[in-house]
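Presented below is the structure to which this report refers.
Note that ligands are numbered from 1 as they come in the structure, with each ligand's atoms numbered from 1 the same way. Keep in mind that what you see is a predicted model, and the values were worked out from it rather than measured.
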Amino acid sequence: MPTTEPPRIELARLPTPLERCDHLLDSPPLLVKRDDLTGTALTGNKVRKLEYLLADAQARGARRVVTCGGIQSNHCRATAIASARIGLGCVLFLRTDQPEPATPTGNLRLDRLVGADVRFVTPEQYRDRDGRMREAAGADGYVIPEGGSNALGSWGYIRAVDEMATQWDAPPTSVVCATGSGGTLAGLMIGLRRRALDIPVYGVAVCDDAAYFTGVVERISAEATHRWPTLPQVDAADVRIIEGFKGRGYALSTPEEMADIATVARRSGLLLDPVYTGKAFRPLLHDRAQFGARPLFVHTGGIFGLLA
Ligand SMILES: Cc1ncc(COP(=O)(O)O)c(C=O)c1O
């Protein structure tokens, strides 16, 4: 099992708690991995990925990092804040079809506060994001792909599995997470297989579909085993994507979704966000039997989206 872990810098407050939430679902008891508690500004799953990605940026002598996402991207906000913390510049390509808001809210407000170089692009321009990012990076910049989802970033959740394995009394019957760019899911799957834990991981799609995410996980896993040959390769047949919870689409909400977020908040004090965790939690509320007697929900953060 031991594989040399790539270098990382410490950004997240780890370990995050693994909590039992007995009163949230009537049954079964639910375990919640509180990755919304990786930090205050640096909250959420992206911080775990950035520990590796920014270590690599520093090792390569980068002076700035360049990344991209939706206008309220948690990944972009976390990258901007972490870059400020370690003294790197940060360029963000943010996708929107609306004019720039006069008063930025949520994640965008924090991007601005820490002085990120924010560049708005239309959904059409965003299709060429990789070219735009490479150009903005120049010779001394470091490009982080959308969502930080590549083989190096997946180490964040390979390591999170090791962390959880020291926290649970007995392994859960399933793991459930929101899936937006696929890196968290890939990392969890590789991490569990690496410890020979045969636990199904369900990625709840908040955009795209099962075929797309299966391809993403396969690609990340193949890249990871290429770079770190003792890591296990994840089988496409093991990728479990739950469809049907996108609602009106990425970053769009329905009254039913918002009502569920309120129900969870009132019953447990857990704050889910409208873009990712609020959608990903719904199968646990409405179709929980498929997850077995001890499901584990990875709370991947997103609080600023709730405030946007
Ligand atoms: C709060 C939150 N949860 C879940 C996800 C999904 O993670 P991933 O992009 O690794 O699929 C994201 C980002 O996309 C996120 O910001």
Gly301 heavy atom under 4.0 Å from ligand 1: yes
Row check, Tyr126 ring normal vs Arg95 NZ/CZ: under 6.0 Å, within 45°: yes
Per-atom contacts, ligand 1 versus Thr179 - under 4.0 Å to a heavy atom: 11 (O)
Lys49 and ligand 1 - part of the residue with a heavy-atom distance under 4.0 Å: side chain
Close approach of Gly302 to ligand 1, heavy atoms, under 4.0 angstrom: yes
Heavy-atom nearest option to atom 13 (C) of ligand 1, drawn from Glu146, Arg48, Lys46: Lys46
Residue and atom name of the nearest protein heavy atom (relative to atom 1 (C) of ligand 1), distance in Å to one decimal: Thr300 O, 3.3 Å
Test applied, side-chain hydrogen bond (donor to acceptor under 3.5 Å, both in side chains); reference residue, Asn74; option that passes from Thr300, Asn107, Thr43: Asn107
Validation row: Thr184, Tyr276 side chains within 4.5 angstrom (heavy atoms): no
Identity and distance of the protein heavy atom lying nearest atom 9 (O) of ligand 1: Ser181 OG, 2.5 Å
Close side-chain approach of Arg85 and Leu42, heavy atoms under 4.5 Å: yes
Interfacing atoms of ligand 1 (cut-off 4.0 Å, heavy-atom, Gly182): 8 (P), 9 (O), 11 (O)
CZ (Arg288) with more than 12 external heavy atoms under 6.0 Å: yes
Side-chain donor/acceptor of Ser149 to backbone N/O of Gly183, under 3.5 Å: yes
Distance-only donor-acceptor check, side chains Gln233 and Thr225, under 3.5 Å: yes
CZ-CG distance between Arg63 and Leu88, expressed to the nearest 0.5 angstrom: 10.0 Å
Distance-only side-chain donor-acceptor flag, Tyr52 / Glu5, under 3.5 Å: yes
Which segment of Asn45 sits under 4.0 Å of ligand 1 when only heavy atoms are counted: side chain
Numbered atoms and elements of ligand 1 in range of Asn74, under 4.0 angstrom, heavy atoms: 1 (C), 15 (C), 16 (O)
Residue, atom name and distance, where the atom is the protein heavy atom closest to atom 6 (C) of ligand 1: Gly180 N, 3.5 Å
Distance filter under 4.0 Å to Thr184 heavy atoms, resulting ligand 1 atoms: 7 (O), 8 (P), 10 (O)
Contacting atoms of ligand 1, where contact means under 4.0 angstrom from a heavy atom of Gly183: 10 (O), 11 (O)
